[in-house]
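Here is the structure we will look at, set down as structure tokens.
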There are 2 protein chains.
Amino acid sequence: MIAEGERQKYARERLAAFAARCRAAGLPVTPQRLSIIEALLASSAHPRAEEIYGQVRLIHPHISAATVHRTLETLCRIGEARKVTVLHDSARYDANLTPHQHVVCVECRRIRDIEIAEIDRVLERKVALSGFRPLGWTFELQALCEDCQRRCESGPARRKAALRARAEPTHRKN
Amino acid sequence: MIAEGERQKYARERLAAFAARCRAAGLPVTPQRLSIIEALLASSAHPRAEEIYGQVRLIHPHISAATVHRTLETLCRIGEARKVTVLHDSARYDANLTPHQHVVCVECRRIRDIEIAEIDRVLERKVALSGFRPLGWTFELQALCEDCQRRCESGPARRKAALRARAEPTHRKN
DNA sequence: CTGACGGATGATAATTAGTATCATCCGATA
DNA sequence: TATCGGATGATACTAATTATCATCCGTCAG
Ligand SMILES: [Mn+2]
Ligand SMILES: [Mn+2]
Ligand SMILES: [Zn+2]
Ligand SMILES: [Zn+2]
């Protein structure tokens with residue numbers, strides 16, 4: 001879904017369904033939330049919290065930046081938005097320069113190397129970039145590590161840190 | 001390259017060649033740098049700067065955290081390491097929940113949607129995860145946008161922000 | 001319609017990763 | 001061994017995000 005007209009229709013539909021989805025998630029529908037999802041749906045720039053803040057302030061001049069941050073995270077939590085910058089906390093480094101990919105545990109942020117046999121060959125083929133000059137690419141699998149699987153089964157109460165920092169993968173299983 | 005024995009051999013070779021590669025890049029070989037690349041090569045955990053700092057402090061108790069941050073970025077710049085967390089600055093959000101991927105400009109951080117037709121089909125096939133339970137995945141193309149191509153051609157002096165924040169892709173063209 | 005409840009908000013402080021500054025140090029070279 | 005330029009350490013600073021808490025207000029039972 002990339003064409004502009006199609007995107008606008010998509011945005012209208014999502015906005016129409018938003019209040020219902022909030023209630024389904026047990027969340028009050030506030031004017032601030034509405035404005036924030038509206039601004040996010042209106043943008044195709046994958047905006048930062050700061051940019052959403054700027055937009056929403058035109059409607060709610062008294063809104064707090066903290067509310068924007070909180071609400072964006074909430075939207076991700078209830079599946080109304082996603083974070084493009086997966087795993088976004090502190091920088092992680094790797095001295096292994098051989099071509100490989102990573103699995104990362106969405107709970108504890110453990111990162112392990114993986115090799116997906118066919119991926120290189122497939123991705124070598126050119127993609128239509130409309131102006132961008134390709135330099136490289138990154139593939140990352142989001143997963144739950146063994147330890148965290150155990151921990152999640154036993155204690156279903158998720159820890160704060162995990163919830164706070166979890167980003168949404170581009171594609172989900174199921 | 002995932003097997004532990006193989007990794008250790010790789011690390012030894014990389015460490016042996018490190019001084020030469022520093023000199024080739026015009027950088028003095030300092031004990032701090034040696035300790036930092038050694039700690040990074042010794043780890044398979046994709047460590048944070050903080051963790052490297054902890055390790056290196058055992059050898060150089062007076063090393064500054066700033067040196068560790070600076071050196072890790074330097075190692076990335078000369079191609080002795082890479083940042084796993086690509087695009088790591090402020091969080092970027094997306095209300096578009098349809099399956100799609102992203103191209104991101106390594107200079108100005110513009111993000112655009114792309115669709116790579118074949119990728120879904122390829123990745124449906126299972127990968128060996130040794131304990132991780134897959135939840136989703138992310139594919140991202142690093143590139144240079146039209147504007148930045150022009151800008152880089154005219155003024156070859158790279159801006160500070162671009163150099164500072166640029167992360168290394170997992171796979172590089174050329 | 002109204003009042004009560006609980007989560008949301010706004011203001012603000014705190015945290016944290018990372019960067020800038022600058023005096024001093026020291027590796028490289030001749 | 002003397003020189004020089006980049007590296008280092010100490011420190012201040014920035015910027016993004018999160019925590020705290022008093023107040024507000026959307027929801028819903030009555
Ligand atoms: Mn790796
Ligand atoms: Mn997108
Ligand atoms: Zn885990
Ligand atoms: Zn650009």
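A, B, ... follow the sequence lines: proteins, then strands. Residue 1 opens every chain.
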Distance-only donor-acceptor check, side chains B/T67 and B/R70, under 3.5 Å: yes
Donor on one side chain, acceptor on other, B/Q8 and B/E4, under 3.5 Å: yes
B/R82 to A/L97 - nearest heavy-atom pair and separation: NH2-O, 3.3 Å
Where A/S90 and B/T85 come nearest, the two heavy atoms and their spacing: O-CG2, 3.9 Å
Of B/A49 and A/A66, the one whose closest DNA chain C nucleotide lies more 5': A/A66
Degree of bending in the helix from C/dC1-D/dG30 to C/dA30-D/dT1 once both end axes are built from five pairs, to 10°: 40°
Value rounded to 0.5 Å, distance of CG in B/L40 from CG in B/L15: 11.0 Å
Salt-bridge contact B/K83-A/D94 (side-chain N to carboxylate O under 4.0 Å): no
Ionic contact status for B/E107 with B/R151, cut-off 4.0 Å: no
Sugar-phosphate only, base, or nothing, as touched by A/A91 at under 4.0 Å among non-hydrogen atoms: sugar-phosphate
Nucleic acid contacts - residues 21-45 of chain B versus DNA chain D, non-hydrogen atoms under 4.0 Å: B/L27, B/P28, B/T30, B/Q32, B/R33
Residues within residues 50-62 of chain A bordering DNA chain D, heavy-atom distance below 4.0 Å: none
Test item: A/H62 side-chain N/O and A/H60 main-chain N/O as donor-acceptor pair under 3.5 Å: no
Base C/dG10 to side chain A/R70, donor-acceptor N/O within 3.5 Å cut-off: yes
Joint hydrophobic cluster, A/L75 plus A/Y10, side-chain heavy atoms closer than 4.5 Å: no
Starting at atom [atom1] of [X], determine the distance to atom [atom2] of [N], rounded to an integer number of angstrom.
X     : N      : atom1 : atom2 : result
A/I63 : D/dC25 : CD1   : P     : 13 Å
B/E73 : C/dA17 : CD    : P     : 15 Å
B/L72 : C/dT19 : CG    : C1'   : 14 Å

A/H69 side-chain N/O to D/dT18 phosphate OP1/OP2 under 4.0 Å: no
Plane angle bin for B/H102 and A/H46 - parallel if under 30°, tilted between 30 and 60°, otherwise perpendicular: perpendicular
B/R14 to B/F18, cation-pi by 6.0 Å centre distance and 45° axis angle: no
Given C/dG10, D/dT8, C/dA20, the nucleotide with the shortest approach to the side chain of A/T67: C/dG10
